[in-house]
Protein chains: 2
Amino acid sequence: MATTTAAQQRELAKGRYDAFLAACPSRQLFERLSDKWVGLVLCALGGGAAGPGVEASGAPRPLRYSELARALAGVSPKMLTQTLRSLERDGLVARTVTATVPVTVTYEATELGLSLHAMVRGMKSWAEDHMDDVLAARAEHDAGDRPGSAP
Amino acid sequence: MATTTAAQQRELAKGRYDAFLAACPSRQLFERLSDKWVGLVLCALGGGAAGPGVEASGAPRPLRYSELARALAGVSPKMLTQTLRSLERDGLVARTVTATVPVTVTYEATELGLSLHAMVRGMKSWAEDHMDDVLAARAEHDAGDRPGSAP
DNA sequence: CAGTATCCAGCTAGATACTG
DNA sequence: CAGTATCTAGCTGGATACTG
């Protein structure tokens, strides 16, 4: 066991990592978090998933592999597994196998994963809430921005 | 002019977009936001940049192209320009050209960009603050997790 | 159900060199 | 200073097919 607590470690870590630096490990971590599937998986496991059989309850609950696949429309088995494995390795997601027939596997966000959920969910909500603003900005930009070119 | 205000538009947009759906425009927007350079640029323009000549003031201020290039260590001119152009098009960043010799170009986050800043900054801070936790989780995972395989 | 394995098209993004 | 242009290695990730 370490002689310092997790809280102390985190305190010491303040300022030790900087994602702006290319060589800093936190840069790689930031890049991993900046992945659409990572974001969507975390949103789903944080309680943001909806769909047939998966209501948007708002409360985090374990989801089965197939539920995740349904929630993240368009995800391939390969990417889903790959994403889940990386999240599991990083301690953000816990994988639980139940020996039924056929086998049941559930995934749920760990405490660490949950601590990230607010931000990721915020990003997703932001994208949904400001879609129209962005669409408008694009239209204005693509139109040429100059008054003279407006009809 | 539209007959509805931006606030009303946003109100109406509630529930109209869902990034979980592959075909939803907000999914593409979410994917764009889930880009390391987008995240880092937004962090820098939100006042999170530090370095030689660029102190981490915490207050958002316009940055020049070269300041951004220095802040985002390792970014290539191509990616920086590409990222800035896409952010400009989406109305998240404003580009200002001042006719000096040589020409001075500054970028700053728009109100829309600033509204996203909290989340992105949160992600970057999270990565820095929890780097040790993730490192520990990886070590444990890679060791095999099982007590029997520990030395 | 919950993956794994394989193949490959295509996009990404870095390196590099050049310009108004 | 602030880009633009070009080339390409290689990684990403989708399609597809198969398995315990």
Side-chain angles (χ1 to χ4, degrees), chain A residues 19-23 27-28 30-41 44-45 49 51-54 62-89 93-108, chain B residues 19-23 27-28 30-41 44-45 49 51-54 62-89 93-108:
Chain A
F20 277 132
L21 305 175
R27 170 73 151 268
Q28 269 78 50
F30 184 76
E31 289 178 21
R32 280 222 164 273
L33 300 181
S34 296
D35 177 87
K36 60 173 171 175
W37 298 126
V38 166
L40 291 175
V41 163
L45 293 180
V54 184
L63 291 180
R64 301 176 61 165
Y65 182 89
S66 50
E67 287 179 312
L68 277 168
R70 224 171 303 126
L72 312 196
V75 69
S76 62
K78 177 185 169 180
M79 288 315 296
L80 184 54
T81 300
Q82 193 171 298
T83 302
L84 288 167
R85 291 284 184 273
S86 96
L87 289 174
E88 192 192 356
R89 188 171 106 96
V93 159
R95 180 175 180 266
T96 308
V97 181
T98 310
T100 52
V101 276
V103 65
T104 305
V105 182
T106 61
Y107 295 88
E108 67 185 311
Chain B
F20 277 132
L21 305 176
R27 167 69 89 75
Q28 268 78 51
F30 184 77
E31 289 179 20
R32 279 219 164 277
L33 300 181
S34 297
D35 176 88
K36 60 172 171 177
W37 298 126
V38 166
L40 291 174
V41 163
L45 292 180
V54 183
L63 291 179
R64 302 176 60 167
Y65 183 89
S66 51
E67 287 180 312
L68 277 169
R70 224 170 304 124
L72 312 197
V75 69
S76 63
K78 177 186 169 180
M79 288 315 295
L80 183 54
T81 300
Q82 194 170 296
T83 302
L84 287 168
R85 292 281 184 275
S86 96
L87 289 174
E88 192 192 356
R89 188 171 107 95
V93 158
R95 179 176 182 265
T96 308
V97 180
T98 310
T100 51
V101 278
V103 66
T104 305
V105 182
T106 60
Y107 294 88
E108 67 184 310

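Worth saying up front: this structure is predicted, and the values here are computed from it rather than measured. Just so it is clear: chains get the letters A, B, ... in the order the sequence lines come, proteins before strands, and each one is counted from 1. These numbers come from the heavy atoms of this one structure, side chains and all, not from hydrogens, waters or symmetry mates.
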Visitor: Answer yes or no: does a side-chain N or O of B:Thr104 lie under 4.0 Å from OP1 or OP2 of D:dC1?
Guide: no

Visitor: Could you summarise the pairing of DNA chain D as dot-bracket text, marking Watson-Crick and G-U pairs under 3.5 Å with ( ) or [ ] inside the strand and | across strands?
Guide: ||||||||||||||||||||

Visitor: May I have the distance from A:Glu88 (atom CD) to C:dA2 (atom P), rounded to whole angstrom?
Guide: 15 Å

Visitor: Do B:Arg27 side-chain atoms and A:Ala73 backbone N/O form a donor-acceptor pair below 3.5 Å?
Guide: yes

Visitor: Between D:dG3, C:dA2, D:dA2, which nucleotide gets closest to the side-chain atoms of B:Arg64?
Guide: D:dA2

Visitor: What is the separation between atom OH on A:Tyr107 and atom C1' on C:dC1, rounded to the nearest whole Å?
Guide: 11 Å

Visitor: Quick one: A:Arg70 CZ to C:dG3 P, roughly how many Å, whole number?
Guide: 14 Å

Visitor: Distance check, rounded to the nearest 0.5 Å: B:Thr83 atom OG1 versus B:Tyr107 atom OH?
Guide: 10.5 Å

Visitor: Whole Å only: how far is the CZ atom of A:Arg85 from the P atom of D:dG13?
Guide: 17 Å

Visitor: Show, in sequence, the C-alpha distance, side-chain angles and deciding distance for A:Trp37 and A:Leu80, and conclude whether the side-chain contact (heavy atoms from CB on, under 4.5 Å) test is met.
Guide: CA-CA 7 Å; A:Trp37 298 126; A:Leu80 184 54; over 6 Å; no

Visitor: Just the rounded figure in Å: distance from P of D:dG13 to CG of A:Leu72.
Guide: 14 Å

Visitor: For B:Arg95 and D:dA2, give me the distance from atom CZ to atom P, rounded to whole Å.
Guide: 10 Å

Visitor: In whole Å, what is the span from the CG atom of A:Leu40 to the P atom of D:dG13?
Guide: 12 Å

Visitor: Protein within reach of the bases, or only the backbone? For nucleotides 8-20 of chain C, mark each nucleotide 5' to 3' as B, S or -, using heavy atoms under 4.0 Å.
Guide: -----BB------

Visitor: Would you say CZ of A:Arg32 has more than 12 non-hydrogen atoms from neighbouring residues, nucleotides or ligands within 6.0 angstrom?
Guide: no

Visitor: Taking side chain to side chain contact (heavy atoms under 4.5 Å, CB included) as the test, write out the residues that go with A:Pro77, two or more places apart.
Guide: A:Tyr65

Visitor: Using the test side-chain hydrogen bond (donor to acceptor under 3.5 Å, both in side chains), find all partners of A:Thr96 that sit at least two apart in sequence or belong to another chain.
Guide: none

Visitor: Just to verify, what does B:Val97 make a side chain to side chain contact (heavy atoms under 4.5 Å, CB included) with, not counting sequence neighbours?
Guide: B:Arg95, B:Val103, B:Val105

Visitor: Between B:Leu45 and B:Leu87, is the side-chain contact (heavy atoms from CB on, under 4.5 Å) condition met? List the steps.
Guide: CA-CA 12 Å; B:Leu45 292 180; B:Leu87 289 174; 5.8 Å; no

Visitor: Among residues at least two apart in sequence or on other chains, which ones pass side-chain hydrogen bond (donor to acceptor under 3.5 Å, both in side chains) with A:Thr104?
Guide: A:Thr100

